[in-house]
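What follows is a set of notes on a single structure, which appears directly below.
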Amino acid sequence: MTQHTPNLKAQKIAGGVHTDQRHDSAHKHVAGEAVYIDDMPEPAGTLHVGLGLSNVAHGTLKTVDLSAVRAAPGVVDVLTYADVPGENDVSPSGMHDDPVLAQGKVQFHGQPIFAVIAETREQARRAARLAKIEYDELPAVISIWDLDTENDKQVTTPLTLKRGDAASAIAAAPRRVKGRMKLGGQDHFYLEGQISLAVPGEDDEVTVYCSTQGPSETQHLVSHVLGVPSHAVTVEVRRMGGGFGGKETQANQCAAIAAIAAKKHKRAVKVRLDRDEDMTATGKRHDFAIDYEVGFDDEGNILGVDYMFALNAGFSADLSGPVGDRALFHCDNAYFYPNVHAKSAPLYTNTVSNTAFRGFGGPQGMVGAERVIDEVAFAVGKDSLEIRKLNFYDQIGTPGERNLTPYHQKVEDCIIQRIVAELEESAQYARRRREIAAFNANSRFIKRGLALTPVKFGISFTKTESNQAGALVHVYADGSVHMNHGGTEMGQGLHLKVAQVVAEEFQIDLDRVKITATTTAKVPNTAPTAASSGADLNGMAAQDAARQIRKRLTDFAAEKYQVPVDQVVFLPNRVRVGNQEISFNDLVKQAYLNRIQLSAAGHYKTPKIHWDRAKGRGHAFYYYAYGAACAEVSVDVLTGEYVVERADILHDTGRSLNRAIDIGQVEGGFIQGMGWLTTEELWWDGKGRLRTHAPSTYKIPLASDRPKIFNVALTDWSEAYEPTIHRSKAVGEPPLPHGMAVLHALSDAVASVAEHKICPRLDAPATPERVLMAIERLRAEAAQAK
Ligand code: MTE
Ligand code: HPA
Ligand code: MOS
């Protein structure tokens with residue numbers, strides 16, 4: 001115990017909130033020392049799985065002859081749906097439409113029919129090819145493009161949003177435009193593919209190490225498939241090698257197969273898909289067909305809009321309902337629509353079941369909104385940026401009416417005007433606009449294009465019960481802290497942020513806080529780490545747990561040293577009690593000796609939110625995250641090839657918990673969004689076979705595709721409008737749609753070949769082929785107009 005001498009420069013703890021910290025595993029990621037599931041030591045006798053996949057897109061299974069498979073070297077067993085002890089279903093929606101292994105029929109090319117269990121993975125994969133399967137083929141629907149959004153089969157109930165009278169407003173508007181946009185899907189291309197290792201325990205117990213974003217849901221579905229209570233199943237994940245939404249639900253099938261085989265054979269079983277299987281057999285971002293009609297005045301003010309968002313759900317519901325909903329929730333992007341009608345159509349097709357992907361339909365909704373802006377801009381002959389600014393929601397604090405969303409939530413925290421104004425300035429939009437016009441006038445083969453696009457992204461799950469989190473914090477007698485919470489780490493730095501929150505609460509250095517694997521045995525009933533809410537929810541839950549312990553320590557110190565509780569103050573790595581200081585470790589030690597409980601479970605639920613889907617009304621989002629991106633491209637008009645010359649992004653993460661991590665999220669999100677809208681093209685042939693199932697044919701951005709100049713900044717002046725964790729804002733998904741700036745810059749370059757008189761209606765992905773075709777089309781239309 002030392003006497004307190006006030007030290008006004010009292011050091012701060014190392015690694016509290018609002019400080020730049022490198023990812024806790026960064027050094028292990030780059031050195032190959034971070035342990036992923038395939039790096040874990042395998043229990044003796046571990047068996048491996050090879051999947052037998054459907055060779056047709058739609059059909060009934062006439063005969064399934066697996067005798068040659070069973071006889072192949074190393075094969076221990078072959079599982080079919082008949083080996084599922086509980087229900088043969090991993091549907092996350094409760095629709096019972098996602099069989100673990102096909103039963104009686106197959107609904108897409110690549111659907112798992114059987115699972116070979118063998119001594120080695122190689123043996124399992126080789127044996128899987130020996131099956132003799134006869135199908136009665138049925139007609140297959142491969143694309144949504146020609147489907148009827150009213151009459152063709154849908155996987156779940158569509159949503160309608162409306163405010164005002166869109167049809168009358170469009171009919172009465174001085175000008176109108178109608179069109180259709182084709183928007184492609186996207187493969188997650190996580191570095192680590194789907195993987196699960198199931199280790200059987202005694203009685204009905206099993207532990208599954210699974211690369212999943214949603215351990216509780218994986219636990220729940222494994223128990224359902226095994227026909228045992230959830231308490232028998234433990235799911236654990238230390239980290240994923242990327243999830244991006246692809247492991248929100250679609251990790252469950254591999255987990256189920258591994259668990260069934262492990263229980264049946266009383267040996268550990270690992271399922272690890274290779275890249276081609278992973279791309280073929282697991283769901284992706286939904287491709288959309290967007291029909292729009294907009295009425296506007298001569299200035300470019302939008303008066304009414306009507307949208308139909310048709311999305312390719314694939315063969316089952318999975319998350320297609322909520323994905324379609326989020327597309328509608330973002331069909332306004334940052335714009336106020338005086339009258340609006342928007343509808344979704346989650347269409348059934350005989351392709352893999354599409355799923356969550358960073359942004360969860362939101363980016364697709366925004367791409368629709370930005371196409372409409374472009375249509376209006378070309379019709380009235382103005383720069384798109386002017387039309388954007390004209391139609392923004394009212395700025396925060398403005399009394400007025402222009403703040404109601406299509407779902408009747410008031411936008412109360414709009415800062416898009418300031419973001420766009422600052423970005424216009426820092427990116428020198430006006431000057432470069434003039435320079436590009438001059439450049440294009442003198443350049444025959446290379447045309448440049450520029451665009452600045454905004455983003456407003458709603459934060460919260462629309463499923464109310466998902467907006468809760470739990471945490472478990474132990475303080476050991478030596479003063480070190482064990483931190484656990486329900487969120488999962490997929491590279492986004494969630495564990496680090498939550499650890500910073502705990503360090504801040506106790507006022508101890510970050511290295512005193514141990515990050516531990518997510519497990520359903522420590523924190524139960526958690527939401528998947530998704531909807532960008534990981535730090536918001538789990539940060540709050542961990543803070544709650546830490547505060548409970550801190551309160552016990554405070555009460556203990558106050559009593560022991562006979563001071564009022566407000567004279568117990570947690571200072572960096574020490575505690576001031578009255579006029580004395582004691583180290584944190586000493587206080588903890590004393591508390592332990594006095595039998596004070598030093599462990600606590602925390603919980604948090606997001607306040608304020610509610611959502612009535614049937615009425616299409618509610619306070620669906622706790623708050624919004626904002627940002628804007630400006631991109632410049634140059635396009636070779638002879639080939640359609642392009643490069644991104646420069647990108648500038650200004651993004652809002654409130655009072656960032658960790659700017660270093662957030663900037664990484666913004667950069668990565670932008671690049672992933674750009675890849676989606678430019679070079680990543682999924683291509684199914686007429687038989688429903690995915691022909692782009694490897695990096696040889698599916699082109700994600702390379703390091704060399706990054707913008708030549710790339711400036712990313714955060715709005716250091718912003719803070720969350722609501723009391724979020726330390727007033728920070730979610731950052732995982734909101735930056736992805738910044739990739740729209742590249743699509744629109746390409747569109748701008750294309751438009752230059754027809755003097756910016758024709759809206760290029762550039763569909764996505766805007767591959768070089770599609771850019772070239774748009775150039776040819778505009779040239780032909782311009783020539784015809786003469
Ligand atoms: N960043 C990395 N490096 N890897 C990922 O898989 N997933 C994204 C985003 N950023 C992802 C990522 C998605 S889809 C979501 S929903 C959020 O991270 C989830 O994490 P958070 O809620 O902790 O931000
Ligand atoms: N975002 C991400 N994942 C989800 C959501 C959402 O809004 N709803 C259900 N799962
Ligand atoms: Mo992210 S698509 O919500 O996992």
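As the structure is a prediction and not an experimental result, all values here were calculated from the model. Note that the numbering runs from 1 along the sequence shown for the chain. Just so you know, ligand 1 is whichever comes first in the structure, and atom 1 is the first atom listed for that ligand.
- For Arg285 and Glu680, the salt-bridge test fails: no basic side-chain N is under 4.0 Å from an acidic carboxylate O.
- Of the N and O atoms on the side chains of Asn484 and Thr516, at least one donor lies less than 3.5 Å from an acceptor on the other residue.
- Annotation: cation-pi geometry not satisfied between Lys456 and Tyr393 (NZ/CZ under 6.0 angstrom from ring centroid, within 45° of ring axis).
- The shortest non-hydrogen separation linking Leu161 to Pro406 is CB-O, 3.8 Å.
- No donor-acceptor contact under 3.5 angstrom links the side chains of Asp325 and Thr462, judged on distance only.
- For atom 17 (C) of ligand 1, the closest non-hydrogen atom of the protein is Gly732 CA, 4.0 Å.
- Of all protein heavy atoms, the one lying nearest to atom 8 (C) of ligand 1 is Arg358 NE, 3.8 Å.
- A donor-acceptor contact closer than 3.5 angstrom links the side chains of Glu505 and Gln543.
- Using a 4.0 angstrom heavy-atom cutoff, Gly245 counts as in contact with ligand 1.
- Between Gln21 and Ala660 the shortest heavy-atom distance is O-CB, 4.0 Å.
- Atom 15 (C) of ligand 1 has Glu733 CG, 4.0 Å as its closest protein atom, hydrogens excluded (heavy atom only).
- Between Trp611 and Tyr407, the ring-plane angle classifies as perpendicular under the 30° and 60° cut-offs.
- Taking every non-hydrogen atom of Ala530 and a distance limit under 4.0 Å, the qualifying atoms of ligand 1 come out as 16 (S).
- Between Thr724 and Ala720, the closest heavy-atom pair is OG1-CB, 3.3 Å.
- Counting heavy atoms closer than 4.0 Å to ligand 1, residue Gln213 contributes nothing at all.
- Counting only N and O atoms by type, the side chains of Asp97 and Tyr348 include no donor and acceptor under 3.5 Å apart.
- Nearest protein neighbour of atom 9 (C) of ligand 2, counting heavy atoms only, is Phe360 CZ, 3.7 Å.
- Neither the backbone nor the side chain of Ala356 has any atom closer than 4.0 Å to an atom of ligand 2 (non-hydrogen atoms only).
- With a 6.0 Å cutoff to the six-membered ring centre and a 45° limit on the axis angle, Arg275 counts as a cation-pi contact of Phe189.
- The minimum heavy-atom distance between Asp278 and Thr282, with the atom names listed, is O-OG1, 2.7 Å.
- Taking each heavy atom of Arg655 and Ser728 in turn, the nearest pair found is O-CB, 3.2 Å.
- Looking at Ser532, Gly668, Pro734 and measuring to atom 16 (S) of ligand 1, the nearest heavy atom belongs to Ser532.
- Residues Gln186 and Lys284 share a closest heavy-atom pair of O-CB, 3.1 Å.
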Write out each pair where an N or O from ligand 3 and one from the protein are under 3.5 Å apart, with the distance.
residue  : atom  : partner : partner atom : Å
ligand 3 : 3 (O) : Ala531  : N            : 2.6
ligand 3 : 3 (O) : Glu733  : OE2          : 3.1
ligand 3 : 4 (O) : Gln213  : NE2          : 2.8
ligand 3 : 4 (O) : Gly245  : N            : 3.4

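- For atom 5 (C) of ligand 1, the closest non-hydrogen atom on the protein side is Phe244 CE2, 3.2 Å.
- Under a 4.0 Å criterion applied to the non-hydrogen atoms of Gly534, ligand 1 contributes the atoms 21 (P), 22 (O), 23 (O).
- Looking at Ser460 next to ligand 2, no N or O pair under 3.5 Å apart turns up.
- Looking only at heavy atoms of the protein, atom 6 (O) of ligand 1 is closest to Gly243 N, 2.7 Å.
- A perpendicular orientation is assigned to the rings of His738 and His651, their planes being inclined by more than 60° (bins at 30° and 60°).
- Contact atoms of ligand 1 toward Gly242: 6 (O) (distance under 4.0 Å to a heavy atom of the residue).
- Among protein heavy atoms, the minimum distance from atom 12 (C) of ligand 1 is reached at Gln665 OE1, 3.6 Å.
- In terms of polar-atom proximity, defined here as any N/O pair under 3.5 Å, Arg326 does make such a contact with ligand 2.
- Close contacts of ligand 1 with Gly491, meaning ligand atoms under 4.0 Å from a residue heavy atom, involve 2 (C), 3 (N).
- Gln492 NE2, 3.0 Å is the protein heavy atom nearest to atom 20 (O) of ligand 1.
- Taking atom 19 (C) of ligand 1 as the reference point, the nearest protein heavy-atom neighbour is Met490 CE, 3.8 Å.
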